[in-house]
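Down below is the structure, laid out as structure tokens.
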Amino acid sequence: MKAGNEQRAGLLYGFGAYGMWGLVPLFWPLLMPAGAVEILAHRMTWSLAVVGLALLAVRRWGWIRELLRRPRKLGLTALAASVISVNWGLYIWSVNNGHVVESSLGYFINPLVSIAMGVLVLGERLRRVQWVAVGISFAAVLVLAVGYGRPPWISLVLACSFATYGLIKKKLNMGGLESLAAETAMLFLPALGYLLWLGAQGRSSFTSQGAGHALLLAATGLVTAIPLVFFGAAAIRVPLSTLGLLQYMAPVFQFGLGVLYFHEAMPPERWAGFSLVWAALALLTWDALRTARRSRARLEAVPAVAPAPAREPA
């Protein structure tokens with residue numbers, strides 16, 4: 001009974017996390033006329049404040065000393081902070097410049113880019129179905145490049161940066177709250193310096209657009225931290241395969257907003273490219289579920305084939 005309640009709570013947390021990530025394109029336009037870099041700097045600054053308060057509440061500080069004693073881990077954290085700042089900044093810019101659909105494509109193809117990185121960087125071996133999925137996604141990028149008249153660079157940079165971020169996080173092996181605190185701490189001074197420079201130049205929207213606008217910019221910390229807290233709560237309560245399926249909620253919502261709310265164009269060649277991506281993801285999901293089912297079946301069969309205890313001699 002308790003396990004069932006925990007799993008239901010985990011699903012709700014997962015829906016909450018990916019739902020918020022999927023609906024966040026509605027938030028960034030509210031921050032205009034602030035530019036993407038100014039919004040990014042506020043996001044970095046206020047995220048540290050929110051995460052710092054969360055750490056005060058849970059009283060987890062021992063990881064800081066350990067991180068400072070390990071230069072390699074510190075360097076990887078700095079690299080993760082740099083990569084995620086590129087991802088955040090480009091995503092904000094793309095949403096506020098009419099590229100919501102193209103940015104959603106980046107998060108659709110992110111699992112496929114992660115698989116490709118696993119092969120190229122970690123030397124992982126793919127199953128046949130995974131190779132087919134990667135091949136279909138490559139064809140999709142070619143179709144979309146023809147449709148856009150250029151490579152879908154926003155999608156590719158978002159997917160590659162987030163996949164790289166995931167790879168670094170895998171090597172870091174830190175908790176979600178702690179790693180976000182470390183990354184935002186490294187980004188805090190450059191971000192704050194940029195905001196102070198904007199203010200000195202008289203170009204800061206934080207001080208010129210009224211209290212409501214200033215509060216919205218400060219809310220970027222909550223918009224960043226709350227989904228991550230929900231995701232962390234879901235990750236410890238539901239199987240990884242379930243989280244893997246839930247992750248498609250965010251780009252589905254983003255795609256829907258781009259087409260139905262922001263009325264971005266979707267000519268036939270873009271539909272064709274997206275359809276190929278969705279076919280690749282369907283193959284990937286089917287293969288993951290089949291593999292997980294076989295693994296469970298093998299584990300359940302172990303007691304059945306265990307050798308019988310030796311009989312006592314007569």
Side-chain angles (χ1 to χ4, degrees), residues 7 10-11 14-15 17-18 21-22 87 101-148 151-171 231 234-235 237-256 266 268-302 304-305:
Q7 190 154 8
L11 282 173
F15 280 122
Y18 286 109
W21 279 327
N87 184 274
V101 168
E102 192 175 349
S103 67
S104 76
L105 175 64
Y107 294 105
F108 274 124
I109 65 176
N110 175 66
L112 297 158
V113 174
S114 294
I115 287 173
M117 281 191 172
V119 174
L120 297 173
V121 179
L122 303 178
E124 295 177 355
R125 298 181 65 181
L126 299 187
R127 295 182 291 275
R128 186 177 301 174
V129 174
Q130 291 175 312
W131 277 116
V132 173
V134 171
I136 292 173
S137 66
F138 182 74
V141 170
L142 292 179
V143 170
L144 288 163
V146 172
Y148 280 107
W153 66 270
I154 293 174
S155 308
L156 294 172
V157 173
L158 286 174
C160 291
S161 59
F162 202 73
T164 303
Y165 180 69
L167 182 65
I168 297 168
K169 298 278 275 189
K170 185 180 178 68
K171 290 182 176 294
F231 174 79
R237 289 174 171 86
V238 298
L240 195 59
S241 57
T242 305
L243 273 183
L245 293 175
L246 288 176
Q247 75 173 324
Y248 297 125
M249 277 181 59
V252 165
F253 282 12
Q254 292 163 13
F255 177 81
M266 279 296 290
E269 58 271 17
R270 290 187 196 170
W271 280 112
F274 269 86
S275 298
L276 285 171
V277 170
W278 294 332
L281 291 175
L283 269 177
L284 209 59
T285 302
W286 171 77
D287 180 64
L289 292 173
R290 182 186 63 166
T291 304
R293 193 163 51 245
R294 286 179 176 176
S295 298
R296 282 198 303 270
R298 280 198 295 268
L299 287 172
E300 290 168 0
V302 168
V305 298

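Every value quoted in this text rests on a predicted model; they were computed, and no experiment measured them.
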- request: Any chance you could lay out the side-chain contact (heavy atoms from CB on, under 4.5 Å) test for Arg290 and Val129, step after step, and finish with the verdict?
  value: CA-CA 11 Å; Arg290 182 186 63 166; Val129 174; 4.1 Å; yes
message: Set out, in order, the CA-CA distance, both residues' side-chain angles and the distance that settles side-chain contact (heavy atoms from CB on, under 4.5 Å) for Tyr107 and Gln247, then state yes or no.
response: CA-CA 9 Å; Tyr107 294 105; Gln247 75 173 324; over 6 Å; no
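When all heavy atoms of Leu144 and Glu269 are compared, the closest pair comes out as CD2-O, 4.5 Å. The two residues Ile109 and Leu156 have their closest heavy-atom pair at CD1-CD2, 4.1 Å. Of all heavy-atom pairs spanning Val252 and Phe108, the tightest one is N-CZ, 3.7 Å. Across all non-hydrogen atoms, the minimal contact from Gly14 to Leu246 is CA-CD1, 4.0 Å. A pairwise comparison of heavy atoms in Val113 and Ala159 identifies CG2-CB, 3.8 Å as the closest pair. Summarising the geometry of Leu158 relative to Asn87, their closest heavy-atom pair is O-ND2, 3.1 Å, with the distance given to 0.1 Å.
The shortest distance between side-chain heavy atoms of Val141 and Pro152 falls below 4.5 Å. For the pair Pro111/Ile115, no side-chain contact is recorded, criterion being any heavy-atom separation below 4.5 Å from C-beta on.
Ring-plane geometry between Phe162 and Tyr165 is classed as tilted, the angle between the planes lying from 30 to 60 degrees on a 0 to 90 degree scale.
Aromatic rings from Phe255 and Trp271 are positioned such that their centres are separated by under 6.0 Å.
Summarising the geometry, atom CD1 belonging to Ile154 is positioned 4.0 Å from atom CD belonging to Glu102; distances are rounded to the nearest 0.5 Å. The distance from the OH atom of Tyr18 to the OH atom of Tyr248 is 10.0 Å, given to the nearest 0.5 Å. Interatomic distance, Leu105 CG to Ser137 OG, rounded to the nearest 0.5 Å: 10.0 Å.
When the shell of 6.0 Å around OH of Tyr148 is examined, it contains more than 12 heavy atoms from other residues, nucleotides or ligands.
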